[in-house]
Amino acid sequence: MDLEGEELTDAVVASFDGSPEERTKTVLSALVRHLHAFAREVDLTEQEWFTGIEFLTRTGHKSTGTRQEFVLLSDVLGLSMLTVGLGNRKPAGATESTVFGPFFVEGSPEIKLGEDLSNGAPGQPCLVTGRVLDLQGNPIPGALVETWQADQDGFYDVQKDLDSPQNRGHLATDAEGNYSFWAVRPVAYPIPDDGPVGELLRAGGRGPMRPAHIHFMVTAPGFSRLITHVFAAGDEHLQDDAVFGVKDSLIADFTEHPAGTAPDGRQLDQPYSTVQYDLVLATTEETKNL
């Protein structure tokens, strides 16, 4: 049977009619239609097709247990943020979600309130505090707060040859919903651009920078999971984040202080910073129909 044009597209779509999962059929059928429409729109050549296949192959080869190049590719194409928006609709007042990023690691160290999770990472000490609240402003005790970030050189611990984690940990909120920990003040940094994703950015005339931020993932029974960042106000890359993750509501002031006694009583012989940010969760009931 000779198939071309729309007839070819229709035949490929119809080939999934026997899928036992309706959602699988829906996704694959739409994928085929949009891929074929893309190829027609740009009049895709065979050489460009081969180049694309080679690019995806190298993207897979670049991925490791601590670096997910496909996640990075999704991030810079804006697909990650689009999916975040589609899958994390929240009522007004809840903290907004943003991208997960490629550097989360399961099994981070457990710390107590107010402890230092930097573990020798280079950078200015930074006290991070806030509360985990519900939409009515009530504290959520026992919420699990996971956090991770880069150091002053722009590197996450998994990008370095280290014996133990740095700037990474988890803790539980107290009876008043408080969380607090010491880390280092975050800085802007480039996403890994030594692989296929970096080639794509350069080919498109784009930069690799992300504004300074701290990652959070917060969970509590009965509440929808929150994955978000807190961005540093005034960062020069807030307007050109390589992964399109910035939202105005997630920007907070990081205040620098001279050496001396920190708000929690810690004595420091060097300047330090503080940031305060409350994380507001919506219940699963409040989000299920959005």
Side-chain angles (χ1 to χ4, degrees), residues 21 23 65-66 68 71 74-75 80-119 126-149 156-158 164-183 186 213-231 245 247-252 264 274-290:
E21 296 290 336
R23 179 61 179 170
T66 56
Q68 234 304 347
V71 171
S74 174
D75 289 348
S80 298
M81 274 306 295
L82 178 60
T83 305
V84 165
L86 293 171
N88 291 274
R89 296 182 176 94
K90 294 182 173 68
T95 299
E96 294 187 276
S97 299
T98 190
V99 293
F100 196 40
F103 295 121
F104 174 74
V105 177
E106 292 279 1
S108 67
E110 180 178 6
I111 65 167
K112 295 179 181 178
L113 286 174
E115 287 189 337
D116 192 331
L117 53 75
S118 63
N119 194 25
C126 183
L127 176 62
V128 184
T129 62
R131 301 176 76 197
V132 178
L133 307 169
D134 66 17
L135 283 172
Q136 289 70 47
N138 301 309
I140 304 177
L144 176 63
V145 179
E146 288 262 10
T147 183
W148 63 103
Q149 66 171 87
Y156 288 80
D157 52 1
V158 295
S164 59
Q166 290 182 337
N167 280 332
R168 183 185 302 277
H170 67 271
L171 65 155
T173 57
D174 67 13
E176 297 302 317
N178 293 301
Y179 73 86
S180 65
F181 59 87
W182 284 89
H213 62 276
I214 300 174
H215 291 262
F216 287 92
M217 180 168 69
V218 187
T219 55
F223 290 85
S224 295
R225 182 179 68 170
L226 171 65
I227 294 173
T228 196
H229 301 356
V230 174
F231 294 94
K247 295 185 177 182
D248 288 345
S249 67
L250 302 179
I251 299 172
D264 66 349
T274 58
V275 62
Q276 193 278 335
Y277 193 88
D278 291 339
L279 301 160
V280 181
L281 306 187
T283 66
T284 52
E285 189 69 22
E286 289 167 331
T287 58
K288 73 176 184 180
N289 294 321
L290 296 177

*Worked check of side-chain contact (heavy atoms from CB on, under 4.5 Å) between L250 and Y277*: CA-CA 9 Å; L250 302 179; Y277 193 88; 3.4 Å; yes
*Between atom CG of D75 and atom CD of Q68, what is the distance when rounded to the nearest 0.5 Å?*
10.0 Å
_Under 3.5 Å, is there a donor on one side chain and an acceptor on the other for H229 and T98?_
no
*Looking only at heavy atoms, what is the nearest atom pair of F103 and V158, with distance?*
CD2-CG2, 3.5 Å
_Check the orientation of F100 and F104. Use parallel for under 30°, tilted for 30 to 60°, and perpendicular for over 60°._
tilted
*Would you please say whether a donor-acceptor pair under 3.5 Å links the side chains of N119 and S164?*
yes
_side-chain contact (heavy atoms from CB on, under 4.5 Å) between T274 and T129, intermediate numbers included_ = CA-CA 8 Å; T274 58; T129 62; over 6 Å; no
_Test your reading of the model: is there a side-chain donor-acceptor pair from K247 to the backbone of S97, 3.5 Å cut-off?_
yes
_Residue pair D174 / E176: nearest heavy atoms and the distance that separates them_ = OD1-N, 2.8 Å
*Rounded to the nearest 0.5 Å, how far does CD of E146 lie from CD1 of I227?*
10.5 Å
*Looking at side-chain heavy atoms only, is the closest gap between P91 and L135 below 4.5 Å?*
yes
*Report yes if the side chains of F216 and V145 come closer than 4.5 Å at any heavy-atom pair, otherwise no.*
yes
_Can you tell me how far apart CG (N88) and CE (M81) are? Round to the nearest 0.5 Å._
9.5 Å
*What closest approach, in Å, do T147 and H215 show between heavy atoms, and which atom pair accounts for it?*
OG1-O, 3.0 Å
*Is it true that a side-chain atom of S74 and a backbone atom of S80 form a donor plus acceptor pair closer than 3.5 Å?*
yes
*Give the ring-plane orientation class for F231 versus H213, where under 30° counts as parallel, over 60° as perpendicular and anything between as tilted.*
tilted
*asked:* I need the minimum non-hydrogen distance between N167 and A183, along with the two atoms involved.
replied: OD1-CB, 3.8 Å
*Residue pair E286 / F223, side-chain heavy-atom distance below 4.5 Å*: no
_Would the distance check show the side chain of D278 and the main-chain N or O of R131 forming a donor-acceptor pair, the cut-off being under 3.5 Å?_
yes
_Using a 6.0 Å cut-off, check whether atom CD of E285 has over 12 heavy atoms from anything other than its own residue._
no
*State, to 0.1 Å, how close I214 and P186 come at their nearest heavy-atom pair, and which atoms those are.*
CG1-CG, 3.9 Å
*Counting distance only, does the side-chain N/O of T173 pair as donor-acceptor with the main-chain N or O of A143 below 3.5 Å?*
yes
*asked:* Test your reading of the model: is there a side-chain donor-acceptor pair from N138 to the backbone of D134, 3.5 Å cut-off?
replied: no
*Are L279 and Y179 close enough that some pair of their side-chain heavy atoms sits under 4.5 Å apart?*
yes
*Going from CE on M217 to CG on L144, what distance comes out if it is rounded to the nearest 0.5 angstrom?*
7.0 Å
*Evaluate whether atom CG of D248 has more than 12 neighbouring non-hydrogen atoms of other residues, nucleotides or ligands under 6.0 angstrom away.*
no
_Minimum heavy-atom distance between K90 and L226, given as atom pair plus value_ = CE-CD1, 4.1 Å
_Quick check against the 3.5 Å criterion: does T95 have a side-chain atom that pairs as donor or acceptor with the backbone of V280?_
yes
